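Single-structure report; data block below.
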Amino acid sequence: MAHPSGDPRPTDEDVDLTSAVEHAEPPIGIALADHVIVTPAGRFSAVLRR
């Protein structure tokens with residue numbers, strides 16, 4: 001799914017979502033590998049870099 005804004009820079013909501021999922025990792029036993037934003041034009045950026 002493409003980012004609705006068309007801008008690959010993470011919004012505050014993107015960062016908050018990534019943080020919430022990252023904090024939920026230990027209890028559910030799943031590691032978040034990355035949160036990548038992709039625009040309809042194919043531009044992309046990562047919110048989480050490990």
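Predicted, not measured: the structure shown is a model, and the values here were computed from it.
Looking at S19 and D16, their side chains never bring a donor and an acceptor atom within 3.5 Å of each other.
Between D7 atom CG and R43 atom CZ the span is 6.0 Å, to the nearest 0.5 Å. To the nearest 0.5 Å, atoms CZ (F44) and OG1 (T39) are separated by 10.0 Å.
Contact detail for A46 and D34: the closest heavy-atom pair is CB-OD1, 3.5 Å. Closest of all the heavy-atom pairs between R9 and D14 is O-OD2, 4.3 Å. When every heavy atom of G6 is checked against every heavy atom of P40, the shortest pair comes out as CA-CD, 4.1 Å.
Looking at E25, its side chain does come within 3.5 Å of a backbone N or O of L32 through a donor-acceptor pair.
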